[in-house]
Amino acid sequence: MNSKNPNYPVLSALQEIVESIQNFPITILDAPPGSGKTTALPMELFKKGVSVGKKICILEPRRIAAKNAAKRISQSIGEDLGQTVGYRVRFDSKTSANTKIEFVTDGILTKYLLSDPELSDIGLLVFDEFHERRLESDLCFALAKKTQEIFRKDLKILVMSATLEGQNFSKLGIENPPIQVSTETHPLEIFYMGESNKNAQTRLLDLIPKAVEQTSGDILVFLSGKKEILDLKYVLSSNPICQNQTSVYPLFGDMSLQEQEKVFLPETMGKKKIILATNLAESSVTIPGVRVVFDTGFFKHSVFDPDSGIQHLVKDRISLSSAKQRAGRAAREGKGYVYRLWSKEEESSFYDRTKPEILEGDLDRLVLEVKSFGEELHSLPFLDPPNKGSLILSMERLKRLGCLDGSGNLTQLGKEALSYPLPIRLGRIVASLPKSMENILKDIVLIVGKESSGKEAKDFMQTGQTLTFTNELKLVYEQIFAIFKGKNESSPSKRNRSREFYFCQGYPDRIAKRKSKEGKDYKLSNGKIGVLETNLLDIPEYLIALDTISFGQTLYITHYLPISLDIIEESLPDQIETKESPEIRTNQKEESYLLVSEERRLGEMVLESKELLKPNPIALQNALEAYLFSLDWETEWRKNEELMRYYHRVRFLVEHQVLDAKISFEELKQTAKEWLFPFLGWETQKFSLDRIPYFEAFKAYLGYETESILNKEAPTSLQVPSGSRISIQYSGKEPELHVKLQELFGLKQLPSLAKGKVKILIHLLSPARRPVQITKDLESFWNQGYHEVKKELKGRYPKHPWPDKPWEAVPTKHLNHNKRS
């Protein structure tokens, strides 16, 4: 343990860390919470000269953590913040020409990497709280490693976390083992409070006042999101114990930094603090005074649907590593108590670690940032590469937005969209605005700040101006406005358009059309169906779904912008396609017909459609081909019993190599144009779907000589000794004959099928036609099984023959008294 700093266990490994940084490109440090890796280690590394005269840049995923870490180190060395140690986060910075240790967030580091890929003034790049695996942090790590490989062999990287389990660094060629730091921890008692399906707010309202009175220290409560925090804050304010003895502080992501900082300040009134936090409090610098943690076991995060381009906020279970991080907050300064609002049994279903955001997040900005860096995503050393399918869909979406060209290269519009600290589609809207349309910027900022309080739909242009323009949103507006006013306008003479025009260009995949005049369901151009939950009678035919929320499988449009067909046509002429499309209609006689419609479409949404009275035969063929391809052929063919019996006989001979033909339903579907279409008539306006001659065409496809082979090697029926002709069934795995056993007296065996390769599976039936024996060996049955069957059934069916010697008996389908059975 370092004698100068006995309170910081990480410094006991200082020399090992220094040597690793000097000898390896990347060093991994696994150190528990409170060990000093964030607030003590950076200054000691600077003193040791590991950055070789350049800056130490430390990536903190969260703004409040970056700011507080810089403040603490500055205080520890007796300097003003912004001298040797500073920080740079969105909307706030404290640095100077003397700054040698700089804390930054991932957005700032991304800007550094894109503007100066060599990171020329940085000697050591530190990734703190690496386990959080935010998308931008993963990108920064991949770009920094690429910078090491291409430009800066001398650039050193240090990765730090308290929970590195499951991170596979070796796949990136990082073979030096992690440096492990252990620490003497304060005692921590963990209590499981039972099944989590009980109302969390009700339980906390009961438990928190008791903890206020019965425990020492401040209380930290982990909740899933902002709404839960504000709801609990409200109900605690009416509790007498909490009113008199505590101050309640919320802590969530979109609070201003000034509000977040209050959590870290000492309580001046001498009261206990109750901090109601999201997982923002998991990994920030230690919140002083906390001795009690309540953990609801849930968190909210954005999950991106790559198919629709829509991001959903979902509530999920935390991981085991998160539970460990949260619990650790109670024992930083002394003995702690953790109350988990779930059972020990439930915990067995928790994931080990939280899924990296890059695997389920919106990749649009990531794609453009990598293109701006001059690389392709597949060439970057990601610890977890993004999903290939999601990446392809993101590329297609960016092409529709005009941010990438047809070859996937970054366009000027894409560069400008990327320059705004906004979701890419909003950045693309701002980038396309003429300077005279700056009034739309406020609408953009309000969209960033809007919150969905439920699934009730709101017309954004009617409600937008009433949304709170908070201090944080004012800063967003000022930042965007400064970039906007500084841009060079390539075509200052271009005329102004309506706000709806520009929004259509930013949301081409979210434009929606009402499915019916009476309903509230909308078909989106991305193919999804959305519901407008509203009591309004006059709702628009067309709209842009600015925001959605999902409950189960239902997608609710929560904020929308009404638009017109004229606006869609004006703003997206290159994306509207005219195509001929099949349409199925049913007449009064329940007969189905296929006809061809000419459709004007935006993506999956039909803007207008009209029936072609004289369709081109080729168009009708294409329509029928598309229709046939959409069918489940096995289900369709089962409607014709004779056809299916024939198909099963053919399949039987193909399986046993008597016939050579491609007859799987998928193969038949793929080649239908070749073998089925010649049997159809095309000089027609519409085509009957109930009269497609599958049977006739299928026989011709096989060749008429197949008929004689089928009759010989897979006959439809067989004449048995009684004289009856019994059908053979080919629908199962083996051919089957279902026959009353009296009709087979004296017969040793049935003929084999498929050129003698396959024996028939005989289902021997009782007089009531119930199976009594299934066999392929009749001879064995007469010698053994028959007598047991006779013993059981003779008394039940006395009018039927049951000879003692079935070998010598006359086969019959009649009763003993010569009556029909």
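This is a predicted model, so every value here is computed, not measured. For the single chain, residues carry numbers from 1 onward in sequence order.
More than 12 heavy atoms of other shown residues, nucleotides or ligands fall within 6.0 angstrom of atom NZ in K673. The number of heavy-atom neighbours closer than 6.0 Å to CG of N409, taken from other residues, nucleotides and ligands shown, is above 12. For CD of Q749, the number of neighbouring non-hydrogen atoms (other residues, nucleotides, ligands) closer than 6.0 Å is 12 at most. Residue-environment remark: CZ (F677) exceeds the threshold of 12 foreign heavy atoms within 6.0 Å. Atom CD of Q719 has more than 12 neighbouring heavy atoms from other residues, nucleotides or ligands inside a 6.0 Å radius. Counting non-hydrogen atoms of other residues, nucleotides and ligands closer than 6.0 Å to NZ of K712 gives a total of 12 or fewer. When the shell of 6.0 Å around NZ of K300 is examined, it contains more than 12 heavy atoms from other residues, nucleotides or ligands. Annotation for K171: atom NZ counts as buried by contact number, over 12 foreign heavy atoms lying within 6.0 Å.
Between the side chain of R510 and the backbone N or O of Y560, no donor-acceptor pair lies under 3.5 Å. Judged by distance alone, with hydrogens and angles left aside, the side-chain atoms of S394 form no donor-acceptor pair with the main-chain N or O of S390 at under 3.5 Å. At least one donor-acceptor pair closer than 3.5 Å links the side chain of R514 to the backbone N or O of G519. Looking only at distances, a side-chain donor or acceptor of E713 sits under 3.5 Å from a matching main-chain atom of K755. Panel note: side chain S780, backbone D777; no donor-acceptor pair is recorded below 3.5 Å. Judged purely by atom type and a 3.5 angstrom limit, K813 has no side-chain atom pairing as donor or acceptor with the backbone of S724. Formation of a donor-acceptor pair under 3.5 Å by the Q657 side chain with backbone atoms of E655 is found in this model. No donor-acceptor distance shorter than 3.5 angstrom exists from the side chain of D521 to the backbone of V531, with no hydrogens or angles considered. With hydrogens and angles ignored, the 3.5 Å screen pairs a side-chain donor or acceptor of S664 with a backbone N or O of E667. In this structure a side-chain-to-backbone donor-acceptor pair under 3.5 Å is missing from E599 to L607.
L765 places none of its side-chain heavy atoms less than 4.5 Å from the side chain of V772. Considering only heavy atoms from C-beta on, Q729 stays 4.5 Å or farther from R645 through its side chain. L702 is not listed as a side-chain neighbour of L659, based on a closest heavy-atom distance of 4.5 Å or more. Looking only at side-chain heavy atoms (C-beta outward), K748 and W807 come within less than 4.5 Å of each other. Within the 4.5 Å cutoff, the side chain of V789 has heavy atoms near those of the L741 side chain. A 4.5 Å side-chain heavy-atom check between R649 and T716 finds at least one atom pair inside the cut-off. L653 is listed as a side-chain neighbour of L710, based on a closest heavy-atom distance under 4.5 Å. Residues V739 and H763 have side chains not in contact (no heavy-atom distance under 4.5 Å, counting atoms from C-beta outward).
Residues P721 and F745 approach most closely at CB-O, 4.4 Å, considering heavy atoms. Nearest heavy-atom pair across E705 and S708 is O-OG, 3.0 Å. Smallest separation of non-hydrogen atoms from A545 and L524: CB-CD2, 4.3 Å. Considering all non-hydrogen atoms of both residues, L668 and W675 come closest at O-NE1, 3.2 Å. Minimum interatomic distance between D690 and E591 (heavy atoms only, all atoms of both residues): OD2-CA, 3.2 Å. Contact between Y730 and P715 at its shortest, heavy atoms only, is OH-O, 2.7 Å.
Between H648 and F652, the ring center distance fails the sub-6.0 Å criterion.
If you take CG on L555 and CD1 on I557, they are separated by 6.5 Å, rounding to the nearest 0.5 Å. Rounding to the nearest 0.5 Å gives a distance of 8.5 Å between CE of M395 and CG of L377. The CG atom of L383 lies 6.5 Å from the CG atom of D138; values are rounded to the nearest 0.5 Å. Annotation: the span from K759 atom NZ to S752 atom OG amounts to 6.0 Å, rounded to 0.5 Å. In this structure, the separation between CZ on R691 and CG on L689 is 11.0 Å, given to the nearest 0.5 Å.
The aromatic rings of W633 and Y694 sit perpendicular to each other, their planes meeting at more than 60°, with 30° as the lower class boundary. Ring geometry for F665 against W637 counts as perpendicular: the plane angle is over 60°, on a 0 to 90° scale with 30° as the lower cut. Taking the six-membered ring where the residue is Trp, Y797 and H800 present perpendicular rings, their angle passing 60° and hence far from 30°.
Using a 4.0 Å cut-off between charged side-chain N and carboxylate O, K528 and E604 make no salt bridge. Using a cutoff of 4.0 Å between basic side-chain nitrogens and carboxylate oxygens, K579 and E598 are not scored as salt-bridged. Salt-bridge check for D364 with R397: passed, with a basic side-chain N closer than 4.0 Å to an acidic carboxylate O. Salt bridge status for R400 with E396: absent, with no side-chain N to carboxylate O gap under 4.0 Å.
Cation-pi geometry between K699 and Y646 is met: the NZ or CZ atom falls under 6.0 Å from the ring centre, inside 45° of the normal. In this structure, K513 fails the cation-pi test against Y542, since its NZ or CZ atom is not both closer than 6.0 Å to the six-membered ring centre and inside 45 degrees of the ring normal. Remark: R317 qualifies as a cation-pi partner of F298 under the 6.0 Å distance and 45° angle criteria applied to the six-membered ring. Both tests hold for K669 against F629: distance to the six-membered ring centre under 6.0 Å, angle to the ring axis within 45°.
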Derivation and outcome, side chain to side chain contact (heavy atoms under 4.5 Å, CB included), residues L737 and V720: CA-CA 10 Å; L737 190 81; V720 296; 4.2 Å; yes

Worked verdict on R353 versus R133 for side chain to side chain contact (heavy atoms under 4.5 Å, CB included): CA-CA 10 Å; R353 63 186 181 102; R133 300 298 306 278; 3.6 Å; yes

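Side chains of E634 and Y647: no donor on one and acceptor on the other come within 3.5 Å.
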